[in-house]
Structure formats: structure tokens, C-alpha cells
Amino acid sequence: MTATRLLVLNSGSSSVKYQLLDMRDHSRLAVGLVERIGERTSHLTHTRLGEERATRERGGPIADHGAALEAVAEELAADGLGLDSPDLAAIGHRVVHGGMFFTEPTVVDESVLTEIERLIPVAPLHNPANLTGIRTALGLRPDLPQVAVFDTAFHTTMPEHAARYAIDGRIADRYRVRRYGFHGTSHAYVSRATAELLGRAPEDVNVIVLHLGNGASASAVRGGVCVDTSMGLTPLEGLVMGTRSGDMDPAVIFHLRRVGGMSMDEIDTLLNKRSGLFGLCGDNDMREIQRRIDAGDAQAKLAFDVYVHRLRKYIGAYCAVLGRVDAVVFTAGVGENAAAVRRAAIEGLELFGLAVDEERNAVRSGEARLISPDSARVAVAVVPTDEEMEIATQTYALVANGTALEDHS
């Protein structure tokens, strides 16, 4: 095939992130973000990359995702990179929840859209926005393959004993209640990149990946295959996050309902939007929390300690799950930038062969790097994630072998 460009779209409830890439050399031609869709203060930032790098911004109301993608198309066209270009091979979309049905990148058709829609109850904040982005893009370029890449797909390799909850199996099967996991494109990319950093093949490396952003998750990856992950039926389970509680006794929900008189919607809002770091200290930005700790703020210190304690529990648990660990790797906004979190998470885990070199850990860099001493039995690394590149790589692999084009015709 001669078309080598891919547009990657990540449609959120009120935003669209996008990248245009040339898969001949995996170079980025343009990147951008549309924020606050549906508000009077909508904002688009578009950057043309390459030798003549330039950034343009525009403000003013952007009514909906359709208008947002039309604005994106206009910005790309202004750089000679329009969506009508014959060089555009496909559009790849991030979709958060694919259940057990979608285990790999999938060309979108009506049956795929229907299944993504059926999964809205377990991803109410994400799948509707993902669907809107796909449908809008289909309207703009109905002739192009549209490929859905699912956050959950990487985790579908988990064995049943890791994926199952210990509840009545008939009820679990009827309502598709099981552990699915999320951030899969990040965990897939980072686990492979870590193997490359170590100079080894992915199938020869066991890695614990710690994706620490406002949403946070851990995974145990054995030989390139996910065998366990911290998020579950929804992205609420697992690590302490920016505004999500993570692991919690489920009876807390009954207690808040019966004793506190809270509605189910109020409890949902509490656990997803008013918990985690924010619930503990009123801030969900780790940089602000660190500033407050430095100023002697006890609540910020407690929030930090709760966050790190949960993180250490998962590192220890996944050492047990994997048996042999070759690397523990930090990624995403907090993982890549918060040296204090990395240090505290690894401190005292020498029994597992883990240690952090203070000088290496203090270095700020956008490159993949080791932060453990040369003598450490287990590597500790920082590897910047690149979910958009992972989506592009998976999409192009599907398109390049002709499968997407056959399915689309």
C-alpha cells in the first residue's frame, strides 16, 4: 500500500487529542488538543512538527465533537495535511472498554459500534465519548478504515484465576462481571520499551509496569503477556489515584447508603471524583502535594503516604505473581516526573533486589532510562509512555496487511 499516514484520535467527554503520523519512519507530522468542547471557552491547540515547527491556537465556542473534528480537519488542511489526502491510510481510535469480545485492534462496522455501546454501563465516562469520536470521523471520511484500539485488550490474556471475582459465577457471567483492566495501550508499549532498554527480547523479560497519572494502574507482564493488573471491572479498582479511591472494602458502599443516607449516584461521585489524593488532602496534583509537604502540611503528607503504601503493596504482590522480576518501570505523568514517589515506592524493598540510585533518580529527562544502581539485581526504570504511537502501530499493522481494507470494502 502507498498510503502511510495515520490519524490517531483520543476522544474524551469534553476533549479530543489527536496526532497525525507517517508510519514510514514513525514520525509525527502534527499533534493537537481540543479542550472544553460544548463550552463557551473551548480551546484548540495545534502544532505542526518537523523542520518548520509552528503552534497555532484558537478560542471560542466549539459546540460538539463534530465541530471539534471539523476544526481539527481545518488545522491539518492549513498545513497541507488535510483529511482528504490520499496519503491517509486509516484513522485509529482509542476505546476504553472492549470487554472480552475485543482482544485486538478491530475495524469498525455497525456490529462493533453496537458492542461498544453495550459496554457503556461499565465505562459510562469513556465509551460514549469514544463512540462519538468514531461516528464523527466516519462522517468525515466514510471511505477510510476506522480502527478501534481497546484499553482492555492487552489484559485479556490474564488467566481466569486473576480475572475472576469470587462471586456467584452465574451472576458474574450474566452481567459480565470480571476484571478487565485498563491503560492497556500504555502497559503494552512500556513493557516492550523496557525490554528494549534492557537489550532483551520482550518474551524473555518479566516486568512490573506502574502507570501513574491522574488515573493509575499496575500490571504484571510475563514475557510480553499480561498476567495480572490492578484495575478491574471499571477503572476504579486498584491503586490510589488523583480522584479515585482504588481498592476499598465494598461494604463501605452499603454503609454509606444505609447509615449515611447517600444515593448510589452520590456514592459513585464520591468514589470516582472526590476520593484518592483529592479526597485525602484536597489536591490531586502531585506537584502541589509535594510543595505542601515541603511546607510542613500534615494532610498532604498523609495523602502521599497512603498513595505510596498502596503502590508498594502492588509491587510486592506482583513480585509474588511473577516469581522472577527483571524490571520495575515507572511511566505516565507522576511516574515519569515525581522522583519522590519513585524513591519512596522502592525504598526498603532491597529484599526483592530493588534499589534506586539517588543521582539517577533526580535526573529529569524525556528519555527512557535506568534509575537503579548498576549492582541492582532488578532494574528500576523510567520509560515515557506513548499511547498514541501504540495505537498507530497497532492500527497500521492491521491496515498494512490488507485485513482492514478487506473488512472495510
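For the 3.5 Å distance criterion, the side chains of R342 and N361 qualify, holding a donor opposite an acceptor. Side-chain N/O atoms of S27 and D22 include no donor and acceptor closer than 3.5 Å. A donor-acceptor contact under 3.5 angstrom links the side chains of T55 and T47, judged on distance only. Under the 3.5 Å distance criterion, with hydrogens and angles disregarded, no donor-acceptor pair is assigned to the side chains of E39 and S14. Judged by distance alone, the side chains of S186 and T385 do bring a donor and an acceptor atom under 3.5 Å apart. Looking at Y318 and N206, their side chains never bring a donor and an acceptor atom within 3.5 Å of each other. In the model, D79 has a side-chain atom that pairs as donor or acceptor with a side-chain atom of H46 under 3.5 Å. Residues S42 and R36 have side chains that never bring a donor and an acceptor to within less than 3.5 angstrom of each other. Looking only at atom types and distance, the side chain of Y189 has no donor-acceptor partner in the side chain of E388 under 3.5 Å away.
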**Report entry** Criterion ring pair (Phe, Tyr, Trp, His ring centres under 6.0 Å) on H97 and Y180, from CA distance to verdict
**Finding:** CA-CA 8 Å; H97 212 312; Y180 293 100; 4.7 Å; yes

Requested in this report: Apply the test side-chain contact (heavy atoms from CB on, under 4.5 Å) to residues M158 and D228: give CA-CA distance (whole Å), side-chain angles for both, the deciding distance (0.1 Å), then the verdict.
Outcome: CA-CA 6 Å; M158 283 192 295; D228 205 351; 4.0 Å; yes

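With hydrogens and angles disregarded, a donor-acceptor distance shorter than 3.5 Å links the side chain of T152 to the backbone of G98. Panel note: side chain S219, backbone T229; no donor-acceptor pair is recorded below 3.5 Å.
Residues E160 and R164 are paired through a salt bridge, judged by an N-O separation under 4.0 Å between the basic side chain and the carboxylate. A salt bridge between E203 and R222 is absent, with no side-chain N of the basic residue lying under 4.0 Å from a carboxylate O of the acidic one. Residues R200 and D326 are paired through a salt bridge, judged by an N-O separation under 4.0 Å between the basic side chain and the carboxylate. Using a 4.0 Å cut-off between charged side-chain N and carboxylate O, R135 and E117 make a salt bridge. Between K301 and D305 there is a salt bridge, since a side-chain N of the basic residue sits under 4.0 Å from a carboxylate O of the acidic one. Taking 4.0 Å as the cut-off between side-chain N and carboxylate O, D374 and R360 count as a salt-bridged pair.
Side chains of L277 and M286 form a contact here, defined as non-hydrogen atoms less than 4.5 Å apart. In this structure, the side chains of M262 and R257 stay at 4.5 Å or more apart for every pair of heavy atoms. At a threshold of 4.5 Å between non-hydrogen side-chain atoms, the residues I208 and L210 count as touching. For the pair L33 and L44, the minimum side-chain heavy-atom distance is 4.5 Å or more. Considering only heavy atoms from C-beta on, V107 stays 4.5 Å or farther from V112 through its side chain. At least one side-chain heavy atom of I120 sits under 4.5 Å from a side-chain heavy atom of L131.
Interatomic distance, R118 CZ to E115 CD, rounded to the nearest 0.5 Å: 4.5 Å.
H183 and H211 have parallel rings, their planes meeting at less than 30° on a 0 to 90° scale where 60° marks the start of perpendicular. Between H155 and H187, the ring planes lie perpendicular to each other; the angle is over 60°, past the 30° to 60° tilted range.
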